[in-house]
Amino acid sequence: MSNFFGLPIILSIILAYFVPYFSLPLSRYIFLILFLMMFWTALSLDYRKLKNFWHFTPQVLIGITLSFILLPLFLLGLASLCLTDNKFIYGFFFSALNPLAIVAPFFVRKNDGHEEFSFILMVASMLVAPFLTPLMINYFAADIWRIDLALLSKTMILLTAVPLILGALASRFFAKSRDFFLRHSALANSLFLSIITYSFFGVAFQRVHWNIIPSYEILTLFGLALIQDFGIYFLLKFTLPDTLKGVDNKSLAISLSMKNVAVSSALLLSLDPKASFASSMGFVAHAFFFNFLLLRQNKAKTSLSESA
C-alpha cells in the first residue's frame with residue numbers, strides 16, 4: 001500500500017469535485033479529525049530517537065531557519081511574481097510556514113537517509129511552529145487577514161504540540177495499545193488524510209467563485225505547489241554541503257520539502273476558503289512527491305541487487 005501513498009489523495013479530490021455536498025457538514029469536525037490523525041501517528045512514533053537530540057543542535061537550528069524564514073520568504077517572493085490573487089499568494093505562503101509532515105522521517109528512512117535527525121527536526125518544527133508561524137503571518141500577511149495571533153498560536157499548539165506530547169505519554173504508559181496503533185498506522189493515516197482532503201477541496205469547490213478565476217492562475221498555483229515539494233528538495237540537495245556535521249543533505253532536503261499542509265488548510269478553511277484551497281494544493285503535490293520518493297527507493301534497491 002505504501003507504493004500508492006498518494007493515490008487516496010487524488011481519489012478524494014476527484015470525489016470532492018463530483019460529489020462535494022458532504023464536505024460542508026464534515027468541515028465542522030475537521031479540527032477533531034486532524035487532531036485524531038496527528039495523535040494516532042504520534043502514538044506510533046519511536047520517541048527513543050530523541051535521546052541524542054543535543055548532538056544535532058546546529059543542524060536543527062539550520063533546518064528551523066530554512067523551514068520558517070528563508071524558504072517561506074523565497075516561496076512568497078516566487079508566488080508574488082507568478083500569481084495575481086492575494087488570497088492565493090498568502091494561502092500558499094501560509095502552507096510554507098507549516099511544521100514538517102509527521103511522515104517525513106519515514107521517507108528519509110526509505111531513502112537511506114538519517115532518520116533520527118529527520119525525526120528530531122520534525123518534532124522541533126512542531127514545537128516551534130505555534131510561535132514562529134503567527135509571527136511571520138503577522139509581519140507579512142497582516143493586510144490580508146485580521147487574525148488573533150494568540151488564538152492562532154493556541155490553535156496551532158492544539159494541532160501540533162499537544163497530540164505529539166499526548167502521543168509520547170501514551171506510547172510510554174500504554175505500550176501494549178501502541179502496538180495496535182503501530183500496526184494500523186498506514187491505513188489510519190490514509191483514511192484520515194482522505195477525509196481531510198475531501199473536506200478541504202469540497203468546500204473550495206462549493207464556496208470559491210471559479211468562473212472569475214483565470215485557468216492559468218490555478219495551473220500556476222499547482223506549479224508552485226510542485227516547487228514547494230520537488231523544487232525545494234532538489235534545491236537543497238544540490239546546493240547544501242554533502243554533510244552538515246554528520247547529517248547528509250538528502251535527509252535535510254527530504255524533510256524540509258514535506259510540510260504538513262493540513263494544519264494551514266484547516267486554519268484557513270472557515271476564515272478564507274480561497275486561501276485554504278491554495279494551501280490545500282500542497283496535498284496534490286504531496287501525492288506525486290511521496291510516490292516519487294518511494295520509486296527512487298525501489299530503483300535504488302533494484303540497482304543494488306543487480307550490482308550484487
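The first residue in the sequence is number 1, and the count goes up from there.
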Connected via hydrophobic side-chain network under 4.5 Å: Phe131 and Leu71: yes

From the list Phe117, Trp54, Phe53, side chain to side chain contact (heavy atoms under 4.5 Å, CB included) with Val60 holds only for Phe117

Kindly indicate whether the side chain of Leu121, heavy atoms from C-beta on, has any atom under 4.5 Å from the side chain of Leu256. yes

- [ ] May I ask you to decide if the ring planes of Phe277 and Trp210 are parallel, tilted or perpendicular, using 30° and 60° as cut-offs?
- [x] perpendicular

Taking every heavy atom of Ile254 against every heavy atom of Ala104, the minimum-distance pair comes out as CG2-O, 4.5 Å

Any luck finding a side-chain donor-acceptor pair between Ser95 and Ser279 under 3.5 Å?
-> no

message = Can you tell me if Phe22 has over 12 outside heavy atoms packed within less than 6.0 Å of its CZ?
response = no

Residues at least two apart in sequence or cross-chain that pass side-chain contact (heavy atoms from CB on, under 4.5 Å) with Ile227, listed by chain then number, are Leu75, Leu78, Leu224

Quick check: is Leu219 connected to Ile14 through a chain of hydrophobic side chains (ILVMFWY, heavy atoms under 4.5 Å apart)? no

Q. Do any N or O atoms from the side chain of Ser199 and from the backbone of Ile195 form a donor-acceptor pair under 3.5 angstrom?
A. no

Self-check item: Ser118 side-chain N/O to Glu115 backbone N/O, donor-acceptor pair under 3.5 Å
Solution: no

Hits for side-chain contact (heavy atoms from CB on, under 4.5 Å) against Val128, two or more places apart or cross-chain, chain-then-number order -> Ile64, Phe68, Leu132

Phe92 meets the ring-ring contact (aromatic ring centres under 6.0 Å, His included) criterion, sequence neighbours left out, with none

Self-check item: Ser153 side-chain N/O to Leu149 backbone N/O, donor-acceptor pair under 3.5 Å
Solution: no

Q) Should we say atom CZ of Arg207 is surrounded by more than 12 heavy atoms from elsewhere, each under 6.0 Å from it? A) no

* Report yes if the side chains of Leu235 and Thr239 come closer than 4.5 Å at any heavy-atom pair, otherwise no. => yes

key: Check against side-chain contact (heavy atoms from CB on, under 4.5 Å), Arg172 and Tyr47   = CA-CA 9 Å; Arg172 178 171 182 177; Tyr47 291 90; over 6 Å; no

Taking C-beta and beyond as the side chain, do Phe230 and Ser257 meet within less than 4.5 Å on heavy atoms? no

Below 30° counts as parallel, above 60° as perpendicular, anything between as tilted: where do the rings of Trp145 and Phe94 land? tilted

Open item on the list: Are there over 12 heavy-atom neighbours, none belonging to Phe234, within less than 6.0 Å of that residue's CZ?
Closed with: yes

With sequence neighbours left out, the residues meeting side-chain contact (heavy atoms from CB on, under 4.5 Å) with Ile144 are Asn86, Lys87, Tyr90

* Check: Pro130 main-chain N/O paired with Thr133 side-chain donor or acceptor under 3.5 Å -> no

Hits for side-chain contact (heavy atoms from CB on, under 4.5 Å) against Asp229, two or more places apart or cross-chain, chain-then-number order -> Ala285, His286, Phe289

Practice problem: Start with the C-alpha gap between Thr197 and Ser12, add the side-chain angles, then the distance that decides, and say whether side-chain hydrogen bond (donor to acceptor under 3.5 Å, both in side chains) holds. | Solution: CA-CA 6 Å; Thr197 304; Ser12 297; 5.2 Å; no

In terms of heavy-atom contacts, Ser251 and Ser255 come closest through O-OG, 2.7 Å

Q) Hey, does the side chain of Tyr17 reach the backbone of Phe201 with a donor-acceptor pair shorter than 3.5 angstrom? A) no

In terms of heavy-atom contacts, Tyr21 and Tyr198 come closest through N-OH, 3.9 Å

Ser265 and Phe200 have their tightest heavy-atom pair at CB-CE1, 3.4 Å

Ser80 side chain vs Leu76 backbone, donor-acceptor pair below 3.5 Å:
yes

Q.
Hydrophobic clustering (ILVMFWY, side-chain heavy atoms < 4.5 Å, transitive) - are Ile196 and Tyr29 grouped together?
A. yes

For Ala287 and Asn291, the nearest pair of non-hydrogen atoms, with its separation, is O-ND2, 3.0 Å

Exercise. Please answer whether the main-chain N or O of Asn98 pairs with a side-chain N or O of Lys259 as donor and acceptor at a distance below 3.5 Å.
Key: yes

* To do: Look at the side chain of Asn111 and the backbone N and O of Phe107, then say whether any donor-acceptor pair between them is shorter than 3.5 Å.
  => yes

Check: residues 158-171 side-chain donor-acceptor pairs under 3.5 Å, at least two apart:
unit_1	atom_1	unit_2	atom_2	d
Thr160	OG1	Met126	O	3.2
Thr160	OG1	Met156	O	2.5
Ser171	OG	Gly167	O	3.1
Ser171	OG	Ala168	O	2.8

Are any side-chain N or O atoms of Gln228 and backbone N or O atoms of Gly282, one a donor and one an acceptor, separated by less than 3.5 Å? no

* To do: Answer whether the closest heavy-atom distance between the side chains of Leu271 and Leu268 falls below 4.5 Å.
  => yes

Query - same_hphob_cluster(Ile9, Val19) at 4.5 Å side-chain heavy-atom cutoff - result: yes

Q) Is there a side-chain contact between Leu34 and Met37, using heavy atoms and a 4.5 Å cut-off? A) yes

Closest non-hydrogen contact found for Pro273 with Leu269 is CG-O, 3.6 Å

